[in-house]
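Accompanying notes for the structure given below.
Numbering starts at 1 and runs along the sequence shown.
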Amino acid sequence: MAVELCLLLLLFCGSTISEVQPIYKPPPGTLDFGFVPAKTYDTGAYHEPGAIGILFKIVHAFLYLVQPNTFPQDLIRKLAQQQFGNTQGDYQKAIYYEIGFIVSAALGLLFILLLPLVGLCFCMCRCCDNCGGEMHQRQKKNADCQRSCFATFLFVASLIISVGVLCAYAANQHLTNQVRGAKKLVNSNFKDLKIFLNDTPAQIDYLVSQYNTTKDKALSDLNNVGSVLGIRVQEQLGKEVRPALDAALTMAGAIRETKEALENVSVSVEVLQEGTERLHANLTEVKMHLSNTLNDSACNAAQAASTCNIIKNSLGQLSINANFSGLPGVSSQLAKVNDVLKIDLSSLVQKGYAAFNDTPDLVVNQTRNILSAVPYIKSVLESIGSNITTFTRALPVQKILADLMVHLTQTEAYVQDYFPLVEQYDFYRWLGCLILCCMLVLILVFYYLGLLCGTCGYDKHASPTTRGCISNTGGNFLMAGVGFSFLFSWVLMIVVVLTFVTGGNVEKLVCEPFEDKNLFKVLDTPYLLNKHWKNYLAGIIFKNPNVNLTFEKVYSDCKENKGIYTSLHLEHLFNINELLNISMYTEDVALKIEHIQINLSKIILLDEIGKENLLNFSSSGIDGIDFSAYLTEINKSVTKVDLLSFANDLEARADQLPKGALENALKGHANNIRMIHNQQVVPLEQAMSTLNQSIRLLKRTSSELMVKVKNVISAVNAAQNLINNNASQVIVQETKKYVDTIIGYFEQYTEWVKESISMEVAACKPIANVIDTAVDIFLCSYIADSVNTFWFGLGGSSMFLIPAIIFAVKLSKYYRRMDTEDVYDE
């Protein structure tokens with residue numbers, strides 16, 4: 001029972017593959033367990049800011065100029081461990097790291113303090129008719145040039161301030177838009193977490209249910225143990241038996257082919273001998289008639305003499321070339337082969353095949369003792385199936401998941417309840433930031449109106465005391481812009497400094513370290529969060545802080561959507577390798593296998609009659625045939641000259657003779673020669689072809705015939721000896737392989753369960769998505785980037801208020817109507 005429970009633990013908890021020693025098993029039939037049911041997670045924890053992303057990159061580049069130092073891991077660790085300041089130089093390191101922010105903030109504070117003070121002094125100075133407060137303007141020759149320069153500089157400064165206002169407004173609106181759309185992303189994360197919790201029980205149930213696939217396959221093989229073992233034994237023995245029987249069957253076919261070849265030789269030789277005699281007689285008769293014709297007086301004529309002489313000289317070619325009368329006969333060899341064929345060797349070999357094919361039945365009949373182990377194995381498999389169900393119900397998985405679902409539901413309800421409050425506060429923030437932007441817009445309105453009215457209403461022919469109303473209004477607008485600049489600038493700079501220090505440090509100390517995972521390295525510092533625990537996460541989960549479980553590894557594994565089992569290294573909760581002992585299942589079977597005695601001597605591959613028959617064939621004498629004599633005559637042509645060519649040539653020469661009886665007689669002889677060729681030479685050539693094929697076949701068969709026959713008999717004897725003496729050993733080996741195959745099914749199942757638990761069951765991508773959503777998207781992309789872009793635009797605009805004030809004050813002198821005027825200076 002303990003072993004079975006260990007197997008159950010293996011199925012549900014798995015173990016690291018590196019801990020499992022490889023076990024040899026023959027390749028079993030691959031089991032198809034299907035795919036673990038899993039739904040697709042909807043959340044895409046990635047934020048694309050769109051066009052405003054360009055501004056974000058500019059702000060990041062500016063922050064890098066302000067703070068180019070690397071993430072201060074050591075200082076953060078000391079701060080978390082409340083040891084900051086214990087070592088000399090900690091404050092210096094912190095100041096060195098924050099020097100960019102400190103200098104920038106100091107300049108901002110100086111701006112906040114000095115600008116209102118300067119404005120107050122400037123106002124008092126003008127009230128005393130100083131600092132441009134006296135309504136008197138001296139006339140200069142370069143007044144137009146100065147006015148144009150001041151107007152241009154003020155316009156450029158106003159444009160830069162406008163760009164900064166637009167950046168601040170865009171960042172403010174972007175943050176509001178993202179907060180309004182965050183609800184969908186939050187709901188998507190909660191949905192994925194619910195899928196994560198709801199699907200886990202179904203996935204575990206699927207893993208458990210697939211045990212039936214393994215059990216059914218094992219039971220199917222066990223129910224057919226005899227036939228399966230018999231087939232395996234037959235396949236193993238067949239590696240030697242089948243080639244031996246195939247060789248014997250091939251030799252039986254060779255005997256039949258030899259008989260047919262001998263018969264063809266005998267018949268062909270007889271036909272060739274008779275045919276050549278008849279052909280010789282006919283050719284002799286044709287030569288005699290041709291000679292008589294050529295002896296006619298017509299050949300004595302001058303025109304025919306040379307032609308007749310040529311024909312006479314060629315008559316010697318009309319004779320036979322091959323002489324088959326001296327070839328030795330094969331009747332004795334044929335008689336011996338016929339005696340061999342009186343015994344049907346093919347039938348004997350087929351009996352050997354049939355006997356060998358009955359091996360599975362013989363194995364089934366002689367391995368009844370193996371079957372006694374089958375009920376035990378079946379009972380074990382059935383008990384494991386029932387114990388799996390019991391063990392599954394005993395696992396606290398359902399309770400844990402139910403508790404987590406309750407907490408998740410409560411958290412979701414809490415978020416949903418407070419989300420309207422978040423949107424309300426965000427509206428207040430948006431409104432406050434909008435008011436700050438409107439302050440700058442008000443200043444810009446005065447500047448732009450002053451430039452517009454001053455430029456359009458300016459009359460270069462009018463004296464300072466006679467300037468028009470529009471020009472004077474433009475100057476008043478410029479001075480109003482200067483006044484509001486002094487009133488609002490310090491308020492704007494306070495907001496800029498506060499958001500700059502806060503947002504910049506969040507970007508540098510949280511967002512960038514989170515992106516390059518340096519933040520996780522700090523969290524994974526030994527004894528950081530608990531001075532008694534080396535690894536905090538392992539201490540929380542396993543109550544064993546020495547287990548190497550880090551925040552970075554868990555986050556990375558979940559990011560890759562691995563199973564929670566792999567990500568949290570839950571194998572440290574279930575050490576089952578020391579308890580698992582699969583060999584106990586097959587111990588009884590192995591003991592029975594060691595004493596198996598199988599006798600397959602009833603299988604007779606080829607009896608003594610068949611072997612004697614093979615030996616008789618080898619001594620039939622076909623190797624004594626004079627093949628060279630046959631081949632010598634076969635390679636000759638039937639006649640010394642091709643009769644068709646001779647007849648055509650004879651007819652051509654007859655055409656050269658004068659018309660008459662001689663010509664006709666010669667053409668008659670040519671036709672007679674053609675008839676002899678078609679009726680006698682062609683059949684003889686066919687008979688020679690048959691004889692050629694048969695002789696060459698006999699030559700190949702007779703080559704080392706005795707050696708071939710002895711090799712066949714030796715192979716049959718070796719296969720028979722294997723069956724008689726070594727069958728038990730083969731059966732033991734195949735039975736062990738068969739048992740390994742059965743065990744291999746369960747090893748496949750356990751490996752599949754381990755892989756599924758590691759990679760598919762409870763895939764923890766939603767956990768990584770929640771972290772990415774909270775830190776990377778909400779804190780960094782939504783809040784930090786928007787806030788940093790806001791102070792970047794607002795701060796830039798505030799800084800350019802200083803040159804704008806100077807140019808506006810200078811320019812207003814050229815637009816406002818003066819009380820007194822001067823003459824031109826020479």
Side-chain angles (χ1 to χ4, degrees), residues 46-71 97-108 111 153 155-179 181-182 426 429-430 432-434 436-441 443-444 489 492-516 518-519 772 775-804:
Y46 175 76
H47 174 64
E48 181 59 48
I52 200 173
I54 299 175
L55 293 178
F56 293 165
K57 292 180 180 179
I58 294 174
V59 174
H60 291 165
F62 177 77
L63 284 174
Y64 179 77
L65 292 176
V66 174
Q67 170 55 286
N69 301 318
T70 57
F71 181 62
Y97 177 78
E98 292 284 344
I99 190 65
F101 288 105
I102 293 173
V103 172
S104 300
L107 293 175
F111 183 96
F153 291 148
F155 181 72
V156 171
S158 298
L159 285 179
I160 295 175
I161 295 172
S162 301
V163 172
V165 172
L166 289 176
C167 291
Y169 177 79
N172 183 40
Q173 190 63 38
H174 178 265
L175 178 55
T176 297
N177 293 338
Q178 298 307 321
V179 170
D426 179 71
R429 179 208 56 78
W430 175 83
C433 293
L434 186 63
L436 295 175
C437 292
C438 288
M439 290 179 180
L440 287 170
V441 170
I443 296 171
L444 287 172
S489 59
L492 296 173
M493 188 55 67
I494 289 175
V495 175
V496 169
V497 171
L498 292 177
T499 53
F500 165 71
V501 173
T502 304
N505 279 287
V506 168
E507 175 67 27
K508 285 295 182 178
L509 296 176
V510 178
C511 297
E512 289 184 2
F514 178 81
E515 185 176 357
D516 57 22
N518 282 326
L519 191 61
D772 289 339
V775 180
D776 187 42
I777 296 180
F778 284 171
L779 178 60
C780 297
S781 297
Y782 288 180
I783 299 176
D785 284 344
S786 298
V787 169
N788 289 334
T789 305
F790 180 78
W791 64 250
F792 182 76
L794 202 65
S797 299
S798 300
M799 293 300 296
F800 276 93
L801 285 176
I802 296 176

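- In this structure, the separation between CG on D426 and CD1 on I783 is 9.0 Å, given to the nearest 0.5 Å.
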Applying side-chain contact (heavy atoms from CB on, under 4.5 Å) to Y97 and Q67, what does each step give before you reach the verdict? CA-CA 7 Å; Y97 177 78; Q67 170 55 286; 3.4 Å; yes
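- Inter-residue side-chain proximity for D785 and H174 is flagged as unmet; no heavy-atom pair is nearer than 4.5 Å.
- Of all the heavy atoms in C167 and T789, the pair that sits closest is O-CG2, 4.1 Å.
- By the 4.5 Å heavy-atom criterion applied to side chains, V59 and L63 are counted as neighbours.
- Contact between F111 and S489 at its shortest, heavy atoms only, is CE2-O, 3.6 Å.
- In the displayed structure, M439 atom CE is contacted under 6.0 Å by more than 12 heavy atoms of other residues, nucleotides or ligands.
- Atom CG of L436 sits about 5.0 Å away from atom CZ of F790, to the nearest 0.5 Å.
- In this structure the side chain of L434 never reaches within 4.5 angstrom of the side chain of Q173, judged on heavy atoms.
- Rounding to the nearest 0.5 angstrom, the gap separating the CG atom in L492 from the CG atom in L440 is 5.0 Å.
- Checking side-chain atoms of S781 against main-chain N and O of F778 turns up no donor-acceptor pair under 3.5 Å.
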Quick one, H60 with N788, criterion side-chain hydrogen bond (donor to acceptor under 3.5 Å, both in side chains). Give me CA distance, side-chain angles, the key distance, then yes/no. CA-CA 9 Å; H60 291 165; N788 289 334; 5.8 Å; no
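- Annotation for A105 and V497: closest pair CB-CG1, 4.3 Å, computed over non-hydrogen atoms.
- The side-chain heavy atoms of V179 and W430, taken from C-beta on, include no pair separated by under 4.5 Å.
- By the neighbour-count criterion of 12 heavy atoms within 6.0 Å, atom CZ of F800 is sparsely surrounded, having that number or fewer from other residues, nucleotides or ligands.
- The closest side-chain heavy-atom distance from N518 to E512 is not below 4.5 Å.
- Enclosure of atom CG in L65 by more than 12 non-hydrogen atoms of other residues, nucleotides or ligands within 6.0 angstrom is indicated.
- F514 pairs by the ring-ring contact (aromatic ring centres under 6.0 Å, His included) definition with F520, Y555, not counting sequence neighbours.
- Among residues two or more places apart in sequence or in another chain, the side-chain contact (heavy atoms from CB on, under 4.5 Å) test is passed with A170 by I52.
- We find the CG-CG distance between N172 and N177 to be 9.5 Å, quoted to the nearest 0.5 Å.
- For the pair W791/S798, no side-chain contact is recorded, criterion being any heavy-atom separation below 4.5 Å from C-beta on.
- Within a 6.0 Å sphere centred on CZ of F153, heavy atoms belonging to other residues, nucleotides or ligands number 12 at most.
- If you take OG on S797 and CD1 on I443, they are separated by 9.5 Å, rounding to the nearest 0.5 Å.
- A pairwise comparison of heavy atoms in P513 and D516 identifies O-OD1, 2.9 Å as the closest pair.
- Legend: residues meeting side-chain contact (heavy atoms from CB on, under 4.5 Å) with E98, ordered by chain and number and at least two apart, are F101, I102, N505, L509.
- The shortest distance between side-chain heavy atoms of V165 and L444 falls below 4.5 Å.
- Across all their heavy atoms, V495 and T499 have their closest contact at O-OG1, 2.7 Å.
- For the atom pair CZ (F792) and CD1 (I58), the distance works out to 6.5 Å, reported to the nearest 0.5 Å.
- The two residues S104 and F500 make their nearest non-hydrogen contact at CB-CE2, 3.4 Å.
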